[in-house]
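Report on the following structure.
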Amino acid sequence: MSTTVKAFGAPDVRQPLVPLTIERRDVGPHDVKLDILYCGICHSDMNFVGGEFGPLPTSPLVPGHEIVGRVTETGSDVTRHQVGDLVGIGCMVNSCRECANCRAGQEQYCLNGHTLVFGSPDPAEPGVHTQGGYSEAIVAPEDFVVRVPDSLDPAAAAPLLCAGITVYPDINTAYERILASDVRYRFVIDGATFAELKA
């Protein structure tokens with residue numbers, strides 16, 4: 001049975017976010033439900049609401065893709081998470097999982113189209129669009145839910161699910177090239193940052 005949760009969403013582009021309620025789908029066999037503790041505010045969220053990406057894909061639209069929360073329910077086939085775990089959800093909540101890119105672990109480049117955490121048609125609920133983290137709870141497949149170490153401040157961890165993930169591959173590549181003495185990449189990272197990366 002679906003669950004009604006409180007949220008903040010935009011009824012249309014260039015409209016302020018307003019309190020509302022949305023329905024969250026039932027937990028399927030491979031799904032994780034979490035109570036949202038924190039959701040960062042990203043400029044992309046505001047771009048959607050501001051109309052910079054065109055009309056809203058659904059109305060109302062609940063943005064938010066830097067989500068940290070506690071698992072409250074797991075599907076019968078979930079193996080990676082359990083009730084009480086501190087977890088996060090970034091900008092994606094699904095992909096086809098069958099194309100070459102998905103099979104290679106590159107779901108963000110899904111050849112059949114990935115599912116964003118908000119504003120995408122939801123393959124788990126035909127005819128419904130996904131709604132984001134400016135809400136009390138969310139349900140997502142376990143493959144798109146990541147463990148957040150209990151040692152991290154959950155409020156500080158939320159923005160890492162967007163900006164942190166976005167820049168990690170580039171920083172990692174630069175670090176590897178610095179170690180390989182690729183001179184072209186030496187200017188990318190200053191000495192203090194390099195020392196932190198090396199530690």
Side-chain angles (χ1 to χ4, degrees), residues 1-9 20-42 44-45 58 61-99 101-110 112-166 168:
M1 183 167 153
S2 64
T3 305
T4 301
V5 299
K6 294 178 184 175
F8 285 92
L20 48 88
T21 58
I22 58 172
E23 294 295 315
R24 290 298 190 188
R25 65 183 171 80
D26 293 336
V27 173
H30 298 280
D31 290 335
V32 173
K33 180 179 182 181
L34 56 132
D35 282 347
I36 297 173
L37 301 173
Y38 298 96
C39 185
I41 299 173
C42 178
S44 298
D45 299 333
T58 189
L61 178 71
V62 175
H65 64 273
E66 301 174 356
I67 303 165
V68 171
R70 289 246 177 235
V71 175
T72 57
E73 186 179 347
T74 59
S76 58
D77 295 335
V78 169
T79 59
R80 296 181 185 159
H81 308 289
Q82 59 188 6
V83 172
D85 283 353
L86 185 64
V87 296
I89 298 175
C91 63
M92 287 177 46
V93 291
N94 219 330
S95 68
C96 82
R97 304 179 199 208
E98 296 173 357
C99 70
N101 290 346
C102 285
R103 286 193 314 272
Q106 299 290 320
E107 293 89 350
Q108 69 273 26
Y109 301 117
C110 178
N112 297 308
H114 56 265
T115 304
L116 297 176
V117 71
F118 67 87
S120 287
D122 190 343
E125 280 192 296
V128 174
H129 280 74
T130 56
Q131 297 285 7
Y134 296 177
S135 63
E136 294 179 308
I138 192 167
V139 176
E142 73 172 319
D143 293 343
F144 292 87
V145 177
V146 297
R147 184 87 160 97
V148 174
D150 286 318
S151 60
L152 284 180
D153 172 6
L160 296 176
L161 293 160
C162 178
I165 289 172
T166 303
Y168 174 78

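This one's a predicted model, so the numbers in the text were calculated from it and none came from an experiment.
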>> Do the side chains of R70 and D150 get close enough for a salt bridge, i.e. N-O under 4.0 angstrom?
In response: yes
Got a second to check how far [X]'s [atom1] is from [Y]'s [atom2], nearest 0.5 Å?
X    : Y    : atom1 : atom2 : answer
L152 : L86  : CG    : CG    : 8.0 Å
S76  : H30  : OG    : NE2   : 7.5 Å
C96  : H114 : SG    : NE2   : 12.0 Å
T4   : K6   : OG1   : NZ    : 11.5 Å

Does [X] reach the side chain of [Y], with side-chain heavy atoms less than 4.5 Å apart?
X    : Y    : value
L34  : I138 : yes
E125 : S2   : no
F118 : V62  : no
V71  : V78  : no
H81  : E142 : yes
R24  : K33  : no
D85  : R147 : yes
L161 : I89  : no

If I compare all heavy atoms of [X] with all of [Y], which pair ends up nearest, and what's the gap?
X    : Y    : result
C102 : S95  : SG-OG, 3.2 Å
P123 : P121 : CD-O, 3.3 Å
A140 : R25  : CA-NH2, 4.0 Å
C39  : I67  : SG-CG1, 4.0 Å
C42  : Y134 : N-OH, 4.3 Å
N112 : C99  : ND2-CB, 3.9 Å

> Has the side chain of S135 got a donor or acceptor atom that lies under 3.5 Å from a matching backbone atom of A137?
Replying inline: yes
>> Between T115 (side chain only) and D122 (backbone N and O only), is there a donor and an acceptor less than 3.5 Å apart?
In response: no
>> Working note: C110 + N101, criterion side-chain contact (heavy atoms from CB on, under 4.5 Å); need CA distance, chi angles, decisive distance, verdict.
In response: CA-CA 6 Å; C110 178; N101 290 346; 5.8 Å; no
>> Can you tell me which residue among V93, T58, V117 is in a side-chain contact (heavy atoms from CB on, under 4.5 Å) with T130?
In response: V93
>> Let's go through R97 and D143 carefully: what are the C-alpha distance in whole Å and the side-chain angles of both, what is the deciding distance for side-chain contact (heavy atoms from CB on, under 4.5 Å) to 0.1 Å, and is it a yes or a no?
In response: CA-CA 10 Å; R97 304 179 199 208; D143 293 343; 2.6 Å; yes
>> Evaluate H129 against L61 for side-chain contact (heavy atoms from CB on, under 4.5 Å), listing each step before the verdict.
In response: CA-CA 9 Å; H129 280 74; L61 178 71; over 6 Å; no
> Does the pair V27 and T74 meet the rule for a side-chain contact (heavy atoms from CB on, under 4.5 Å), with working shown?
Replying inline: CA-CA 7 Å; V27 173; T74 59; 5.9 Å; no
> Does CG in L20 sit with more than 12 non-hydrogen atoms of other residues, nucleotides or ligands closer than 6.0 Å?
Replying inline: yes
